[in-house]
Each structure stands twice: as structure tokens, then as C-alpha cells.
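Below is one structure; the comments refer to it alone.
Chain A is the first sequence line, chain B the second, and so forth, proteins listed ahead of strands; every chain is numbered from 1.
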Number of protein chains: 2
Amino acid sequence: MAERRRYHHGDLRAALIDTAVELIEEHGVRAFSVAEASRRLGVAVSAPYAHFADRDELLAAVAVRTYELFRAELAPELDRVRQPAGRLAAIARAYVRFAGTHRALFSMLFEALPDKTRHPEVAAAEQPIDDAFRSSVHALSGSDELAQAVEATAHGYAMLLLDGAFGEHGDAIQRAAEGAARATLALVESRDLLIRPIGR
Amino acid sequence: MAERRRYHHGDLRAALIDTAVELIEEHGVRAFSVAEASRRLGVAVSAPYAHFADRDELLAAVAVRTYELFRAELAPELDRVRQPAGRLAAIARAYVRFAGTHRALFSMLFEALPDKTRHPEVAAAEQPIDDAFRSSVHALSGSDELAQAVEATAHGYAMLLLDGAFGEHGDAIQRAAEGAARATLALVESRDLLIRPIGR
DNA sequence: GTCTATATCCCGATAGAC
DNA sequence: GTCTATCGGGATATAGAC
């Protein structure tokens, strides 16, 4: 007989975000619904609407949580490596690792994220990561092209990893992350080729 | 008063794929349902099940159509450029362009594609593209690393483009595609850095 | 802030007639 | 091969009581 506990703990808002994360990590975004999260917590399906205007607002909160999680994992790497090129490679490595260790959360950011313009708190949570990234790039190249190339490459490795291109073994994450780090260094090395030729 | 035309034209299967493509292009995969496609075509919601076992099978057919479309757009590029490095760059450019001009179809391949192992026809449609890509890489490097780097980079530029990182102007597609082509050439140039050092 | 109850809507899929 | 009709399920969101 299931314990049909009332909800006493006083922070349903945070508990809902936790549960949404769980659901998404277990079976992907498609498995998430406000109703299902409510059932898991043993509250009425209407209870969440006292804390979130609608489903999208809860998903946006999950996205904020995700960016904060990545930021926390990235921070020690930034402390460890001070050289710009090494930092960029470390960021790319951490990005791919995060994608591999939090697959569904990472995917959610690109599959199901509600319109960012309507949820500025998501953009705000992304900001510090972007700042660390851009400042490392800026120390190496004044133009945007290197930033775009590195960002694209890291993201691409992450997607390939999730797509199974690196196999399903335990070291797939590691190999993908190292590949992204090396590709980043290769792009830095040939960064002059990235700049649009003058007068073309 | 809506014309409540019966369906006479005899190829409901193909018409369903067309309509699914339309729906996805208009409002994303979330807007697609077998029921909605049926309504658009003026047939009963049960009619599609005479041609597709279930919803996923129809989506798989859309994926096949998408790969064929990309293949058709890629072919003239491959005829035009014969040098391996130039070919790789041309493939990357075409890939990003395709993503930009068929946004929702492209996204669908990664957001909503049903399990590939259960739909071998999708993998088969992807095969020729993969072959052209791998043969160009192989002429430049015997190892897998360059292939992964170029693939990741092209895919990453495509995702950045769809994410709005290149702006919303008319030339965003062009700039993203050129960026991907140049990054590809940069990776080719520094390809030695991609290889895992021996004995590490 | 949470509950019960409900309105409203949509979907996938099947059965059986034509 | 298509239609009518329907089953069974699940979702979002609101109203009003406590």
C-alpha cells in the first residue's frame, strides 16, 4: 500500500524542479509532464500551478538548474588552467563531459527549451559561462570567428557522443571529450584561416 | 464552408509524408500528429494506419525523405569540387546550408527521430552521404579523428545557426556555412594535432 | 498552499461496415 | 483503402472549498 503522504516539506517549488530533473534524466523530456511530476511527489496535479504559471515556466527553471550545474563543474577547471588556449580546450572538454554525464538534461536545453526571449532567467543563467568562454577567446583572437568555431566544435562533439558515434563503452565520454579538446587546440593553431579574407 | 473532399488521388502514403513535412516545417515536430495530418488531407484519422504501422513509421519516412533531399543538394557540389580538402569544406558548407533552409526537417532528425535500429531504411538513406564524407576524409588522413572533428564542427555550426547565434538576417545562413567551410579547412591544416599521442 | 473535482481538449490505435 | 465510431488514455489548466 503506497504511503499517501501529504506534502509537508514546505518547498514544493524546489521539489518540483528536482522531480522534473529526475523524470527527464530517466526517460527524456517526453516523459515529463506536470501531472507526472505531481504524482511522484504525492501532490494534486493542480498544486504546481501555485508556483509555476504553466508547464514552460517549470521547464525554464530546469534549464536554469542545468546551467548552474554546468557552471559548478566548470569552475575548478578554470581555476586549474590559466593559459588561454588550454582554458578553451578545458572548457570544450568539460562541455562534452557534461553532455555525456547528464545526457537528458543537456538534450533538453536544445530540444524542449521554451522560447528564451520569454524566459530571461534562462539567458541570465547562461551568461557567466558565456563570459568565461569569450574572455578566453578574446585573449587569442580579436574576432568572433574563433569563438564560433570552438563553440560549434564542442557542441558538435557533444551531439556526436549522444548520438552514439563514440560507441557505448564507458570510455566513450572520455574519448569524445579529449577529441573536442584536441580539435579546439587545432582550431586555435590555425585560427588565421578562420578569418574572412579582406575584400571578399 | 470547407470543401470536404474525399480522397481520390490514390497515393495517400506519399501525401501523408508531404503533409507531415509541411506540418513540421511550419511549427516544429511538436505540431505533428497523425490526426492533424489526416485532417489536413481531409481523410479519416484511421486512414493512415493502412499505410503506416504507427506514428513512428511515418516519422521515419519523413527522415528518409530528408536525407534524400540533402543528398540531392549535395550531389552537384561533389561534382564541382574534386580535391579532398575542398570537398570536405564543400560538404560542411552544404550541410549547414541545408540546416538553415530546412530548419524543422533538419531538427527533426535529432529531436524526434525514432530509434534508428528499428528503422533500417533511415540508416540506409543516410549511408550514401556518409560514404561521400568518409571517402574524402580518407584521402587526407587514415585515422578517425579528422572525420569526427569535421563532422562535429559542421553539425555544431548548424546548431548555432538554428539557435540564432548568427543573427536573423538573410545572410546568417551564408555566414554560418562559410564559417563551417573555413573551420573545416583549419582542421585539415592542423590535423596532426587531432591524433592521440602514442603511448598516452 | 494544497485539495477535490472538473472542464476541455487531443492523441494513438482498433473494430467493423462499405 | 477509406469511413464511421469508439475505446482508453493522458494532458493542461481552472474553480472553489479548506
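A donor-acceptor contact shorter than 3.5 Å links the side chain of B:Arg82 to the backbone of B:Asp79. A:Asp171 places no side-chain N or O within donor-acceptor distance of the main-chain N or O of A:Gln174, the cut-off being under 3.5 Å.
B:Glu126 has a carboxylate O that lies under 4.0 Å from a charged side-chain N of B:Lys116, or vice versa, which qualifies the two as a salt bridge. Under the 4.0 Å criterion applied to side-chain N and carboxylate O atoms, B:Glu77 and B:Arg80 are assigned as salt-bridge partners. The residues B:Arg39 and B:Glu36 are annotated as salt-bridged, a charged nitrogen and a carboxylate oxygen being separated by less than 4.0 angstrom.
The stretch residues 56-82 of chain A participates, sequence neighbours left out, in these ring pair (Phe, Tyr, Trp, His ring centres under 6.0 Å) pairs: A:Phe70-A:Tyr95, A:Phe70-A:Phe98. A side-chain hydrogen bond (donor to acceptor under 3.5 Å, both in side chains) check over residues 54-63 of chain B, counting only residues at least two apart or in different chains, returns nothing.
Distance, B:Arg55 CZ to C:dC11 C1': 9 Å, rounded to whole Å. A straight line from CG of A:Leu23 to P of D:dG10 spans 14 Å, rounded to a whole angstrom. Between A:Arg13 atom CZ and C:dT2 atom C1' the separation is 17 Å, expressed in whole Å. The separation between A:Glu36 atom CD and D:dA11 atom C1' is 12 Å, rounded to whole Å. Counting to the nearest Å, the C1' atom of C:dC3 and the CZ atom of A:Arg39 are 16 Å from each other. Following rounding to the nearest Å, B:Asp54 (CG) and D:dG9 (C1') show an atom-to-atom distance of 17 Å. For B:Phe52 and D:dT2, the CZ to P distance is 11 Å, given to the nearest whole Å.
When each of B:Arg40, B:Arg13, B:Arg65 is tested with B:Asp18 by the rule salt bridge (Lys or Arg N to Asp or Glu O under 4.0 Å), just one qualifies, namely B:Arg65.
Using a 4.0 Å cutoff on non-hydrogen atoms, the parts of residues 27-35 of chain B near DNA chain C are B:Ser33, B:Val34, B:Ala35, ordered by number. Within residues 56-65 of chain B, no residue approaches DNA chain D, by heavy-atom distance under 4.0 Å. Listed by residue number, the members of residues 44-51 of chain A with any heavy atom below 4.0 angstrom from DNA chain C are A:Ala44, A:Ser46, A:Ala47, A:Ala50, A:His51.
A heavy-atom distance below 4.5 Å is not found between the side chains of A:Leu193 and B:Arg182.
Here D:dT2 is the nucleotide among C:dC3, D:dA13, D:dT2 with the atom lying nearest to any side-chain atom of B:Leu12.
Scored by the ring-ring contact (aromatic ring centres under 6.0 Å, His included) test, A:Tyr49 finds no partners at all (sequence neighbours excluded).
B:Gln83 CD: 12 or fewer foreign heavy atoms inside a 6.0 Å radius.
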